[in-house]
Amino acid sequence: MGVQLPPRYQRNYKALSVEDQARLGEATVAVVGCGGLGGNVIEEFARLGVGRLVLIDGDRFDETNLNRQLLATEKNLGQSKVQAAKQRVEAVNSGVKLKIIGEWFDEDKGEEFFQGVNLVVDALDSISRRVSLERACHKLGLPLVFAGVAGWFGLLGVSFPGDNTVARLFRGGERGAEKVTGNPAFAPAIIASLAVVEAVKVLIGRTVPLRKAWLQVDLLEMEFETFSLE
């Protein structure tokens, strides 16, 4: 008789094999930023069965987060985002091991933050910190899935050590375009799901089409276009 998946993961099969599920269960993923993008990413990793999550964010919820951030509620305004993320994961999947870091990402602490990590997801809204995050990941030999949203638009890609995709895409600037274009609820939810798709491919050893490339999403025209950096 073959290996049986626990009931909570049986609906993952056959999109994910038993071996794939085991790989996810053995993986450690760091999510940097627990806001609009990060909250959705964390939720999906927990439901998929990623074994350990490292959650990093120095921010707290305020009322402007309620329009789009999965983890934000009227009752937890003022609460640390990583604490809210911890409570949510524990409610969804108590089998997931957690490390929470209630600090802003610091490149100099990369080795400390990412100890034992297999993959990092960038859910930041600062371009300069996004570039420094890529440097820290590559210094440690870690793949990075990066994503960003702005109004009806989004982008994402995957950067392996040596690719320097983020640095090549984001040349200068301090904050993301969402400060100008707004950020409705549907945009981070969609882009976060696509980022999780690419992260899962990396973790289970599938081909990753968005390496040295990026996907540009236009939700107004419902257009999805991939651009290569080669």
Side-chain angles (χ1 to χ4, degrees), residues 16-17 19-34 37-38 41-42 44-46 48-58 82 85 89 96-148 155-172 191-215 226-230:
L16 297 172
S17 69
E19 292 76 19
D20 292 337
Q21 192 68 56
R23 290 189 184 99
L24 292 180
E26 294 166 357
T28 297
V29 175
V31 182
V32 185
C34 300
L37 282 167
V41 167
I42 292 163
E44 293 185 24
F45 280 145
L48 281 164
V50 170
R52 180 171 176 262
L53 295 173
V54 178
L55 310 179
I56 303 168
D57 199 316
V82 292
V89 172
V96 176
K97 297 177 182 178
L98 292 168
K99 177 181 178 181
I100 62 170
I101 301 173
E103 302 178 33
W104 301 107
F105 172 73
D106 184 336
E107 185 177 350
D108 293 335
K109 293 185 177 181
E111 189 170 357
E112 173 189 342
F113 285 0
F114 299 145
Q115 185 175 9
V117 166
N118 304 113
L119 176 142
V120 178
V121 176
D122 160 22
L124 294 167
D125 64 355
S126 164
I127 292 173
S128 59
R129 283 195 294 146
R130 177 167 283 155
V131 173
S132 71
L133 175 59
E134 181 185 53
R135 282 198 303 265
C137 289
H138 291 186
K139 192 180 300 182
L140 297 169
L142 297 173
L144 173 71
V145 176
F146 63 91
L155 63 77
L156 71 143
V158 181
S159 180
F160 279 75
D163 293 348
N164 299 316
T165 306
V166 175
R168 294 166 69 184
L169 275 178
F170 300 99
R171 299 178 184 275
I191 301 303
S193 291
L194 294 172
V196 171
V197 169
E198 291 302 283
V200 168
K201 290 176 188 175
V202 174
L203 293 171
I204 66 176
R206 299 283 181 90
T207 300
V208 183
L210 292 184
R211 181 179 181 184
K212 296 184 180 179
W214 79 95
L215 175 67
T226 301
F227 299 87
S228 174
L229 283 171
E230 294 286 53

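Positions are given from 1, in the same order as the sequence printed here.
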Enquirer: Which pair of heavy atoms, one from Val202 and one from Pro143, lies closest together, and at what distance?
Expert: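 Shortest heavy-atom separation between Val202 and Pro143 comes out as CG1-CG, 4.0 Å.
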Enquirer: Give me each pair satisfying salt bridge (Lys or Arg N to Asp or Glu O under 4.0 Å) with a member in residues 155-169, each pair once, sequence neighbours excluded.
Expert: Asp163-Arg211
Enquirer: Within the structure provided, determine whether Leu156 and Phe146 are in side-chain contact (heavy-atom separation under 4.5 Å).
Expert: no
Enquirer: Once the angle between the rings of Phe105 and Phe114 is folded into 0 to 90°, is it parallel (under 30°), tilted (30 to 60°) or perpendicular (over 60°)?
Expert: parallel
Enquirer: Any side-chain heavy-atom pair from Lys139 and Glu111 closer than 4.5 angstrom?
Expert: no
Enquirer: Which distance, rounded to the nearest 0.5 Å, do you find between the CG of Leu155 and the CZ of Phe227?
Expert: 10.5 Å
Enquirer: Just jot down the salt bridge (Lys or Arg N to Asp or Glu O under 4.0 Å) partners of Glu198, sequence neighbours excluded, or say none.
Expert: Lys201
Enquirer: Checking Asp122 now: which residues fulfil salt bridge (Lys or Arg N to Asp or Glu O under 4.0 Å) with it, not counting sequence neighbours?
Expert: Arg130
Enquirer: Looking at residues at least two apart in the chain, or sitting in another chain, which of them share a side chain to side chain donor-acceptor pair (under 3.5 Å) with Gln115?
Expert: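 Listed in chain order: nothing, the list is empty.
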Enquirer: Are side-chain heavy atoms of Ile42 and Cys34 found at a separation under 4.5 Å?
Expert: yes
Enquirer: Thr28 and side-chain contact (heavy atoms from CB on, under 4.5 Å): which single residue from Leu53, Leu119, Leu203, Asn118 fits?
Expert: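 Result for side-chain contact (heavy atoms from CB on, under 4.5 Å) with Thr28: Asn118.
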Enquirer: Checking Glu103 now: which residues fulfil salt bridge (Lys or Arg N to Asp or Glu O under 4.0 Å) with it, not counting sequence neighbours?
Expert: Lys109
Enquirer: Can you see which heavy atom on Ala195 is nearest to which on Val145, and at what distance?
Expert: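 Nearest pair, atom of Ala195 first, then Val145: O-CG1, 3.7 Å.
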Enquirer: Distance from Cys137 atom SG to Glu107 atom CD, nearest 0.5 Å?
Expert: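 One gets 9.5 Å once the value is rounded to the nearest 0.5 Å.
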Enquirer: Taking side chain as C-beta onward, heavy atoms only, is Val158 less than 4.5 Å from Leu144?
Expert: no
Enquirer: Could you grab the distance from atom CG of Leu37 to atom CG of Leu124, nearest 0.5 Å is fine?
Expert: 9.5 Å
Enquirer: If you take all heavy atoms of Ile101 and Val54, which pair is closest and at what distance?
Expert: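 Heavy atoms of Ile101 and Val54 come nearest at CD1-CG1, 4.1 Å.
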Enquirer: Using 0.5 Å steps for rounding, measure from the CG atom of Leu229 to the CG atom of Asn164.
Expert: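 It comes to 10.5 Å.
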Enquirer: For the residue pair Ala147 and Ile191, what are the closest heavy atoms and their distance?
Expert: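 Residues Ala147 and Ile191, closest heavy atoms: CB-CG2, 3.8 Å.
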Enquirer: Provide the closest heavy-atom pair for Val31 versus Gly38 in the form atom of the first, atom of the second, distance.
Expert: CG1-CA, 4.1 Å
Enquirer: With Val29, which of Leu24, Val50, Leu48 fulfils side-chain contact (heavy atoms from CB on, under 4.5 Å)?
Expert: Val50
Enquirer: Under 4.5 Å between any side-chain heavy atoms of Ser193 and Glu44, yes or no?
Expert: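 Side chain of Ser193 against side chain of Glu44, heavy atoms only: contact under 4.5 Å found.
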Enquirer: How far apart are the C-alpha atoms of Thr165 and Glu134, what are their side-chain angles, what is the distance that settles it, and do they pass the side chain to side chain donor-acceptor pair (under 3.5 Å) test?
Expert: CA-CA 8 Å; Thr165 306; Glu134 181 185 53; 4.7 Å; no
Enquirer: Is any side-chain heavy atom of Phe160 closer than 4.5 Å to one of Lys212?
Expert: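 No, side chains not in contact.
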Enquirer: Tell me, do Phe113 and Ile56 make a side-chain contact under 4.5 Å, heavy atoms counted?
Expert: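 Answer yes - side chains close enough.
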Enquirer: Before you tell me yes or no, could you show the steps for Trp214 and Leu169 under side chain to side chain contact (heavy atoms under 4.5 Å, CB included), namely the whole-Å CA-CA distance, both residues' side-chain angles and the distance that decides it to 0.1 Å?
Expert: CA-CA 9 Å; Trp214 79 95; Leu169 275 178; 3.5 Å; yes
Enquirer: Which residues pass the side chain to side chain contact (heavy atoms under 4.5 Å, CB included) test with Asp20, sequence neighbours left out?
Expert: Leu16, Ser17, Arg23, Ile204, Arg206
